[in-house]
Amino acid sequence: MPQDKSLQMNQTIETAILQLQQSPTPEQLAHTLTVVRRCMQAGGQWIVAVEPVPGGGQV
């Protein structure tokens with residue numbers, strides 16, 4: 001059974017991030033950002049975990 005398109009995009013992003021973690025070069029960062037941009041342009045969604053700054057400052 002074929003994977004859902006959003007699951008395929010998630011896997012693509014996860015792979016790019018893993019490669020960036022293993023080889024944190026400017027080229028790999030550019031590749032990872034390109035993968036994220038392409039997935040978002042294809043209708044993907046992006047969820048980001050954010051922690052508030054202690055003392056009520058801006059996030």
Side-chain angles (χ1 to χ4, degrees):
M1 185 164 127
Q3 268 192 339
D4 181 278
K5 184 177 179 180
S6 63
L7 292 177
Q8 290 174 344
M9 286 190 287
N10 287 348
Q11 184 61 48
T12 302
I13 292 171
E14 288 178 18
T15 299
I17 291 171
L18 179 60
Q19 291 170 344
L20 178 62
Q21 289 172 333
Q22 292 173 346
S23 178
T25 63
E27 293 81 10
Q28 190 60 46
L29 175 60
H31 169 71
T32 302
L33 294 174
T34 297
V35 167
V36 170
R37 185 184 78 244
R38 286 180 182 163
C39 289
M40 291 180 73
Q41 289 173 340
Q45 298 180 5
W46 186 253
I47 298 173
V48 179
V50 179
E51 293 185 30
V53 177
Q58 293 183 347
V59 176

R38 meets the side-chain contact (heavy atoms from CB on, under 4.5 Å) criterion, sequence neighbours left out, with T34
For A42, the side-chain contact (heavy atoms from CB on, under 4.5 Å) test, sequence neighbours excluded, returns K5, M9
Sequence neighbours excluded, the answer for side chain to side chain donor-acceptor pair (under 3.5 Å) partners of T15 is Q11
For L33, the other hydrophobic cluster members (4.5 Å side-chain criterion, sorted by chain and number) are L20, L29
Residues at least two apart in sequence or cross-chain that pass side-chain contact (heavy atoms from CB on, under 4.5 Å) with I13, listed by chain then number, are I17, V35, V36, C39, W46
